[in-house]
Amino acid sequence: MPVLNGSTSEAVVIGAGPAGAVAACLLARAGIDTTLIERSSFPRPKLCGGCLAQSGFDRLQSCDLALLPSLESAPVINQLDLHSGVRSLSLRLPCYRVVDRARFDQDLVSASVRAGVRFFPETTAQVAPDGAVEINQKNSDTQTLKPRVIIIADGLKGSSLKHHPAFAWRIARRSRVGIGATIKTLPPLCDPHAITMFHNAHGYLGVAPMHDGRAVVASAADPDWIKERTDAPPLVSLARVLGVELGNLSNARTHGAPPLTRKRSQIEANGRILLVGDSIGYIEPFTGEGMSWAIEDAEMVIEHAIACCNGRYNHGNWTRAHAHAHLRRSMLCKSVLNLLRREMLVRTTMSVCARSPMLTSMLSKSVNKLQQRPSLGMNPA
Ligand SMILES: Cc1cc2nc3c(=O)[nH]c(=O)nc-3n(C[C@H](O)[C@H](O)[C@H](O)COP(=O)(O)OP(=O)(O)OC[C@H]3O[C@@H](n4cnc5c(N)ncnc54)[C@H](O)[C@@H]3O)c2cc1C
């Protein structure tokens with residue numbers, strides 16, 4: 001493990017998921033002395049459906065970060081098969097690349113290290129009440145950094161802002177929790193060229209084929225329903241009620257995520273703390289866009305971070321730019337989620353679509369709209 005000893009930095013990025021790794025890489029390329037802190041040992045597993053949307057891939061290309069081994073081997077999928085009860089529907093999708101999250105995140109971190117970022121895995125960072133960054137590494141004393149800008153990219157389970165109640169989470173009332181695993185083979189009902197989604201009133205479960213024959217399973221379910229399932233692990237119970245055969249899960253490592261749909265009370269502070277990616281908030285994963293949004297945030301935040309380093313940042317610019325880029329899409333995602341909670345409405349829509357190719361194509365188009373590349377925020381001036 002690299003040791004932080006006496007490092008100084010203009011920028012500290014906390015969390016090495018896609019948001020943190022891309023932000024750190026772009027800062028280093030802009031000539032900013034950057035340290036990236038990650039509490040897990042890397043590569044690390046991450047609960048995720050692994051489906052990188054075309055808009056996220058486009059972003060990586062525009063950052064010159066798309067030539068990654070994990071992306072070159074990723075299956076490219078443009079079909080969604082949806083099953084709800086006895087109804088089934090296939091929709092055309094814009095391209096999704098199914099990445100192995102452990103490899104993908106490692107590739108992005110490696111690219112940032114090549115760009116000059118100092119990377120510290122197995123290291124936990126917290127923003128102290130006075131705004132300094134306290135760093136803890138195993139078997140070392142706590143160290144303190146005072147960078148010009150702190151990018152918080154620590155995701156849904158992040159701990160870096162626990163001394164800052166002003167950033168408290170607001171969790172949506174009926175938010176679902178996440179559960180997932182990587183399994184050895186694709187379940188029998190799933191087409192190897194499609195993302196397959198199984199849905200009912202309690203939640204949904206998606207399966208996608210990986211590059212090496214394994215499959216990634218990710219789901220969102222009602223926490224109360226999960227609590228009542230005491231006879232089997234949550235993922236097994238959900239798969240059972242949805243009619244999916246996942247095979248023997250006893251050797252598969254399952255991962256969970258806390259209530260998913262949430263947002264922070266604020267996303268910046270003191271002209272030097274800027275939040276990106278899931279650490280800002282998240283909406284349930286049905287439309288599979290979290291990674292793309294995280295990458296987009298990382299790309300957008302750079303000009304604001306540079307302004308912080310130069311002492312020219314105006315408070316509120318990042319908040320406005322972020323709201324401008326996300327508002328329309330988050331409203332669309334929330335509408336999809338509201339629809340998904342109405343089992344009868346979903347099934348009626350599916351059976352009407354099954355009889356009307358025109359309606360199916362309209363539905364495909366509105367799913368595709370979610371993927372459209374928005375403008376890159378607002379001018380910070
Ligand atoms: C069930 C489920 C399915 C999903 N499926 C998809 C999908 O198919 N497609 C898609 O695009 N998105 C999907 N997502 C969303 C996607 O996984 C996230 O949006 C994405 O990982 C966000 O990236 P991030 O960099 O913001 O955070 P993360 O990837 O969560 O990274 C945060 C990092 O910060 C580290 N960290 C936390 N606290 C600290 C600390 N104090 N100090 C140092 N490090 C810290 C963590 O260890 C972690 O590595 C899914 C999510 C769920 C829950």
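The structure presented is a predicted model; accordingly, all values stated were derived computationally and were not measured.
- With hydrogens and angles left out, the side-chain atoms of R214 and T185 include no donor and acceptor closer than 3.5 Å.
- Taking CG of D154 as the reference point, atom OG of S160 lies at 3.5 Å (rounded to 0.5 Å).
- Partner D222 forms a salt bridge (Lys or Arg N to Asp or Glu O under 4.0 Å) with one of R176, R229, R174 and no other, that one being R176.
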Derivation and outcome, side chain to side chain contact (heavy atoms under 4.5 Å, CB included), residues R59 and S292: CA-CA 8 Å; R59 288 266 182 240; S292 304; over 6 Å; no
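- Separation of the F57 and Y96 ring centroids does not fall under the 6.0 Å cut-off.
- Going from atom SG of C25 over to atom CZ of F119 covers 13.0 Å, rounded to the nearest 0.5 Å.
- The CG atom of L93 sits 5.5 Å away from atom CD1 of I195, with the distance rounded to the nearest 0.5 Å.
- Put simply, V99 and F42 are part of the same group of oily side chains (I, L, V, M, F, W, Y) that touch within less than 4.5 Å, one to the next.
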Worked verdict on I37 versus I135 for side chain to side chain contact (heavy atoms under 4.5 Å, CB included): CA-CA 8 Å; I37 309 281; I135 314 269; 3.7 Å; yes
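- To the nearest 0.5 angstrom, Q61 atom CD is 9.5 Å from L71 atom CG.
- Here the CD1 atom belonging to I295 is positioned 6.5 Å from the CG atom belonging to L108, to the nearest 0.5 angstrom.
- Residues L189 and L246 share a single hydrophobic cluster, defined by chaining ILVMFWY side chains whose heavy atoms lie under 4.5 Å apart.
- Side-chain contact, H211 with S73: no donor N or O sits under 3.5 Å from an acceptor N or O.
- Among the candidates V76, L60, I77, the single residue satisfying the side-chain contact (heavy atoms from CB on, under 4.5 Å) test with R97 is V76.
- In this structure, L67 is not a member of the same hydrophobic cluster as L52, with clusters built from ILVMFWY side-chain heavy atoms closer than 4.5 Å.
- No side-chain donor from either of T123 and E38 sits under 3.5 Å from a side-chain acceptor of the other.
- Side chains of V276 and I152 form no contact here, defined as non-hydrogen atoms less than 4.5 Å apart.
- Between the S279 side chain and the G155 main chain, no donor and acceptor come within less than 3.5 Å of each other.
- Using a 4.5 Å cut-off on side-chain heavy atoms (C-beta onward), E268 and H304 make no contact.
- In terms of heavy atoms, L36 sits closest to A21 at CD2-CA, 4.3 Å.
- Looking only at atom types and distance, the side chain of D81 has no donor-acceptor partner in the side chain of T196 under 3.5 Å away.
- Residue E122 forms a salt bridge (Lys or Arg N to Asp or Glu O under 4.0 Å) with just one option from R39, K138, R44, and that option is K138.
- No side-chain heavy atom of R148 sits less than 4.5 Å from a side-chain heavy atom of C308.
- Q79 places none of its side-chain heavy atoms less than 4.5 Å from the side chain of L91.
- Separation of atoms CZ (R240) and CD (E245) is listed at 9.5 Å; rounding is to 0.5 Å.
- Cluster membership check: V22 shares its hydrophobic cluster with V12, using side-chain heavy-atom separations under 4.5 Å among Ile, Leu, Val, Met, Phe, Trp and Tyr.
- Checking side-chain atoms of S110 against main-chain N and O of Q106 turns up a donor-acceptor pair under 3.5 Å.
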Test side chain to side chain contact (heavy atoms under 4.5 Å, CB included) applied to V127 and H163, step by step: CA-CA 7 Å; V127 183; H163 298 308; over 6 Å; no
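- In this structure, H326 and H322 have parallel ring planes: the angle between them is below the 30° cut-off, well short of the 60° mark.
- Between L156 and L260, some side-chain heavy-atom pair lies under the 4.5 Å cut-off.
- The closest side-chain donor-acceptor pair between S70 and D107 falls under 3.5 angstrom.
- Using the six-membered ring where Trp is involved, F198 and H83 have ring planes that are parallel, under 30° apart on the 30 and 60° scheme.
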